[in-house]
Protein chains: 2
Amino acid sequence: MRSVEEMVRVLRQRGLRITPQRRAILELLASDASHPTAEELFRRTREKLPDISRMTVYSTLGELVSMGELVEMRTDVEGVGRYDPNTDSHHHLLCLRCRSLVDIPARPGGVHISVPDALGYRIVRSQVTLYGYCPACQRAEG
Amino acid sequence: MRSVEEMVRVLRQRGLRITPQRRAILELLASDASHPTAEELFRRTREKLPDISRMTVYSTLGELVSMGELVEMRTDVEGVGRYDPNTDSHHHLLCLRCRSLVDIPARPGGVHISVPDALGYRIVRSQVTLYGYCPACQRAEG
DNA sequence: ATGGATGCAAAGGGTTTGCAGACGA
DNA sequence: TCGTCTGCAAACCCTTTGCATCCAT
């Protein structure tokens, strides 16, 4: 995700208002690489704005997603939506024990993906998620 | 997924009983490459067994998943779980318009994935899903 | 016959909807 | 001021849980 000020400008260009609630959500997203859920963002915004409602969080996330400034994602093993401020092409790594989700750069030494001819489909996006156990959880479990 | 008879044998080996409900679910899964949801399987089993309950479907799917005979998956854009009888390594292609989900073979000319060193994670499974528009929906939308 | 499986009901989590009142532009 | 945004409540969908009854073995 871009900086908070860039995002504010983008929202204004679209005719959307900058409320304290929206600003708080943007500030959290701009500094969060943990792929938080709506509930986590709700809990954290409430620390600054105790009266914010869950619904405002969902609504703002929905706006950002439809604007293409935020990506909604899910994993195979979780029903909840997670929100990814990183709109560049990259992949994901989920720890099946602690449920932490981290980014993998798309190219350098990481995962490589190529689609020569996907059955005539016009591809607009790809999702690559690896499931495993992070170093800390490997030590903890043995 | 293996044939129905193979699955019946596997279930018996695990001490599980072969009820008409379970057999009906196995029969549907063995001949279904559409990655159905629990609700779709419930609806289709009810055509043969009108008194089957949704809960029996969930329960049987859960058994098969925990046995590794069935894979539960989700896409970025859907909250529901889908069930994949194909436990071989392969990838997926989702049409964002009609929501049909098809398999892509893992290797021949399709997607290639390699993980030299995934940040010290021990990888146990990978998920690759491409999002786009199928040929029929491209024609329909233009 | 006996313990696992079924089906019902209810509860649970995540998300969406409808609307009166509040407030950013 | 005006039109959007907020927050509440309720509803919705998907899934899980608890339990009495049933039935495959």
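Proteins come first, then strands; the chains are lettered A, B, ... in the order of their sequence lines, and each starts at number 1.
For dC5(D), the OP1/OP2 oxygens have a side-chain nitrogen or oxygen of Arg22(A) closer than 4.0 Å. Phosphate proximity of dG7(C) to Thr56(B): present, with a side-chain N or O under 4.0 Å from OP1 or OP2. Checking the phosphate oxygens (OP1, OP2) of dG7(C), a side-chain nitrogen or oxygen of Gln21(B) falls inside 4.0 Å. In this structure, Arg46(B) does not reach the dG7(C) phosphate: none of its side-chain N or O atoms is under 4.0 Å from OP1 or OP2. For the pair Tyr58(A) and dT15(C), the criterion of a side-chain N or O lying under 4.0 Å from OP1 or OP2 is met. Residue Thr19(B) has a polar side-chain atom (N or O) positioned under 4.0 Å from OP1 or OP2 of dT6(C). For the OP1/OP2 pair of dA25(C) and a distance below 4.0 Å, the side-chain nitrogens and oxygens of Arg12(A) include at least one atom meeting the criterion.
Tyr133(A) and Val124(B) get closest at one heavy-atom pair: CE1-CG1, 4.1 Å. Of all the heavy atoms in Gln21(B) and Thr56(B), the pair that sits closest is CB-CG2, 3.9 Å.
Atom CZ of Arg23(A) is separated from atom C1' of dG24(C) by 12 Å (rounded to the nearest Å). Across the protein-nucleic acid pair, Glu63(A) atom CD and dT16(C) atom C1' stand 14 Å apart, rounded to whole Å. For the pair Met55(A) CE and dC12(D) C1', the computed distance is 15 Å after rounding to whole Å. Rounded to whole Å, atom P of dG24(C) lies 23 Å from atom CZ of Arg14(A). Separating the CZ atom of Phe42(B) from the P atom of dT6(C) is a distance of 14 Å, rounded to the nearest angstrom. A straight line from CG of Leu61(A) to P of dC5(D) spans 15 Å, rounded to a whole angstrom. Between the CG atom of Leu49(A) and the P atom of dA22(C) there is a distance of 18 Å, given to the nearest Å. In this structure, CD1 of Ile18(A) is placed 15 Å from C1' of dT6(D), rounded to the nearest angstrom.
Not a single donor-acceptor pair, N or O on each side, falls under 3.5 Å between the base of dG7(C) and the side chain of Arg54(B). A donor-acceptor contact under 3.5 Å is not formed by the side chain of Arg17(B) with the base of dT25(D).
When the nearest nucleotides of DNA chain D are assigned to Arg74(B) and Leu16(B) by heavy-atom distance, the more 5′-ward of the two goes with Arg74(B). In terms of position on DNA chain C, the residue among Thr60(B) and Gly79(A) whose nearest nucleotide sits closer to the 5' end is Thr60(B). Projected onto DNA chain D by closest heavy-atom contact, Pro20(B) and Asp51(A) fall at different nucleotides, the more 5' of which corresponds to Asp51(A).
For Val80(A), counting side-chain heavy atoms from C-beta on, the closest listed nucleotide (dT15(C), dG7(D), dC8(C)) is dT15(C).
Of the options Glu72(A), Glu40(A), His35(A), a side-chain contact (heavy atoms from CB on, under 4.5 Å) to Tyr83(A) is made by Glu72(A) and by none of the others.
Gly81(A) comes within 4.0 angstrom of the backbone, heavy atoms only, and of no base.
Side-chain contact check for Leu61(A) versus Leu29(A): some heavy-atom pair is nearer than 4.5 Å.
In the hydrophobic clustering of ILVMFWY residues, with side-chain heavy atoms under 4.5 Å counting as a link, Leu64(B) and Val10(B) come out together.
No salt bridge links Glu63(A) with Arg14(A); every basic N to acidic carboxylate O contact stays at or beyond 4.0 Å.
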